[in-house]
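Contents: one structure, followed by commentary.
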Amino acid sequence: MPESPAAPGRSAPTRLERLAALLGAGLVPVPPPRRRSPTLLYGRDDSVPRADLFALVSQHALLSLTFLVYPLVIAAAAGLGEHDTRVLMTGSVLAMGLATMLQCMRSRFGSGYLLVAIPAPAAMPLAVLALQSGGIALLGAATFLTGLGQGIAARMMRQLRVILPTEVCGVAMLMLGVSLAQAGAHRSLGFDGNGGQVALAHFGIAAATLGSMIGVAVFAGRHLKLYAISVGVGLGWLLARAMGFDTTDIAAATAGQPLVQLPAFDLPALDLPALSVTSALAPLIGLLVVTSLLDIMSATISLEKVEDADWSRPHMPASERAVLGFGIANVVASVMAAVPLNVSRSAVGLAFSTGATARRIGLLAGAVTAAVAFFPKLMMLFTLVPAPVTGAILLYMATFMIVNGMALIASRRMNERRLFTVGVSVITGLWVIAVPLQQMAPVWAEPVFSSPLNLSVTVAILLNLIFRIGITRTASREIHPGTDSYEEIRTFLEKQGDIWGAQRDAIASAVTAVAWAVELMEESALAQGPVRLEARFDEARLFVMLDYAGALPAVPQQAPAADAILASEAEKSRFAAFLLARMGDRVTFAEAAGRSHITLRFDH
């Protein structure tokens, strides 16, 4: 195949000539398909064999039902009677199951990913205060307002990305893992955090449970690792019984509960207390909405990442649907007198550890969870799992959460501003573990200091807003003919990418596309004089506009024939323009006041 002549002043073929040669060889570049992660066993839409499906559904349901301890603790702290406690428990269980199924369905009201709902740990102060102030009715109102806030936030996700960029979501995921590790360590060591001594029996049972789960996950076959949680729970519980640590009379503990009973929803008429009491709940509701927003976004992004080996940016519609799904679920849960719901961090960790993210796992796990609401005796049984065993489960899940949070943080181009945003927020979150900050804080601020997650997220959001001061979100420069345009464009965009903290792949794509456009203008003699290059970044999108005096390239609707491209310089330019129009997520061409404008958009 004859080689096209080199452009004046060049010793090698230009990009357009190399492209024409590729086209002549039948190698027209096309966008690569999404590459499946090699660690993924069952993807989101995969079918799962029955044996593996049973194991995975059982583990997800078991894991979510162990968190019924939260409604039990809330009921005890609020001094609820037996009837109201049963209403709280059955309502929460049924709401968890329905919310999980809603999230796993492919619809406009759920993420379509394997997201499991549990009672939100961060909602405990809110639930206790609501129950003490107005009983079950006020708890229903608080859960309704939480859902309403999440529904509003779902419609503002693109605007909220400015204050919730990927590295802040990474900090949230990392500190979710740290919070799980803290709770898991306390349960595994029998340590109450108030000067108590470490119990060796707790440690031994937890170590055996955790060791068995890790052993199955690391050394067992690809399919056997799906049973890691089941093996660990079974071994740990048997060991606790054999050592005499767990002496609970299970029959006596569940004797007061009927075997089968319809869930109780006999709520009183909603009669809110005085406005002053409702106002006292507002800060807690606001904090819960913000932290749940980050939890849900982080979980959704993490599942996207494990699905796609070449993941580079969040898919915002999925996060929007996930937040909206939890908002709807909490509005429905308010009728059931349920504790506000949030995404299960542990379930995301379980999906990572098993390599199984199939939606049908969540659909069936949600159905099993909802069905437990009709079996009070069985529901009570899940609250009897020994503390060291649940502690080992939390530590096992925390490992995956911490590593995934670090990976999310590392996906951004780090500069001084983002470095200190991440570093300072993580350090301050660790203060909660080392110092009893919650006891020193005023009442209204206690929720912020109640966990490493809450404090880290609050600090990360504040620092992100502060460090945005002084950052120019728009930058420009001129590219003069006769210069090495590719190096100028790369240096300019990479420098701005570092300042803005833009995704590496977005900057790389922009460099290639903009250099291609400038070379097209030069070789087709479209631009008369310098080309003004203007870049703008808004966290969700990177825009690059080329402004110059001259004509716009002619963009064909279809690619010209290969023979025509090789034979004609005009057709070669038309084909280059055809490719340019497809190099960004959106490319527009316009003319105004005698000047031409080409705008390339790259979603972030």
Side-chain angles (χ1 to χ4, degrees), residues 67-99 117-153 261-293 295 326-342 373 376 379-380 383 438-439 441-451 454:
F67 289 101
L68 285 177
V69 67
Y70 292 141
L72 271 180
V73 171
I74 290 169
L80 294 186
E82 181 179 346
H83 173 74
D84 285 346
T85 299
R86 182 165 58 85
V87 169
L88 184 67
M89 292 285 290
T90 55
S92 296
V93 171
L94 190 57
M96 287 162 54
L98 295 176
I118 62 169
M124 292 179 69
L126 169 65
V128 172
L129 180 58
L131 288 169
Q132 291 175 339
S133 303
I136 291 289
L138 186 55
L139 174 62
T143 303
F144 174 84
L145 292 174
T146 300
L148 182 62
Q150 290 170 325
I152 295 172
Q261 187 178 52
L262 291 176
F265 298 129
D266 50 340
L267 290 178
L270 207 60
D271 182 17
L272 293 181
L275 182 61
S276 59
V277 176
T278 306
S279 299
L281 299 178
L284 298 176
I285 294 173
L287 179 64
L288 180 59
V289 170
V290 173
T291 55
S292 68
L293 187 66
D295 283 359
F326 272 102
I328 294 172
N330 276 319
V331 169
V332 174
S334 67
V335 181
M336 305 176 187
V339 175
L341 304 174
N342 196 9
M379 183 170 57
M380 186 59 64
T383 66
Q438 186 177 13
Q439 300 174 15
V443 175
W444 62 269
E446 285 183 2
V448 175
F449 297 92
S450 63
S451 72
N454 290 358

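These values consider heavy atoms only, across backbone and side chains, with no hydrogens, waters or symmetry-generated copies.
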Heavy-atom pair with the smallest gap, counting every atom of [X] and [Y]:
{"X": "Ile118", "Y": "Met96", "answer": "CA-CG, 4.0 Å"}
{"X": "Pro340", "Y": "Leu139", "answer": "CD-CD1, 4.4 Å"}
{"X": "Met89", "Y": "Pro71", "answer": "SD-CB, 3.7 Å"}
{"X": "Gln150", "Y": "Ser292", "answer": "NE2-OG, 3.0 Å"}
{"X": "Ala337", "Y": "Val87", "answer": "CB-CG1, 3.9 Å"}
{"X": "Ser133", "Y": "Leu138", "answer": "CB-CD2, 3.7 Å"}

Separation of [Y] [atom2] from [X] [atom1] (nearest 0.5 Å):
{"X": "Phe326", "Y": "Asn342", "atom1": "CZ", "atom2": "CG", "answer": "6.0 Å"}
{"X": "Asn454", "Y": "Phe449", "atom1": "CG", "atom2": "CZ", "answer": "10.5 Å"}
{"X": "Gln132", "Y": "Leu80", "atom1": "CD", "atom2": "CG", "answer": "9.0 Å"}
{"X": "Thr143", "Y": "Leu341", "atom1": "OG1", "atom2": "CG", "answer": "7.5 Å"}
{"X": "Leu129", "Y": "Ile74", "atom1": "CG", "atom2": "CD1", "answer": "12.0 Å"}

* Structure fact -> Only one of Thr90, Asp84, Leu88 passes side-chain contact (heavy atoms from CB on, under 4.5 Å) with Arg86, and that residue is Thr90
* Side-chain contact, heavy-atom cut-off 4.5 Å: Ile285 with Leu126? ->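 SC-SC contact between Ile285 and Leu126 confirmed.
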* Would you please name every residue forming a ring-ring contact (aromatic ring centres under 6.0 Å, His included) with Tyr70, sequence neighbours left out? =>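 Checked Tyr70 against ring-ring contact (aromatic ring centres under 6.0 Å, His included); matches are Phe67.
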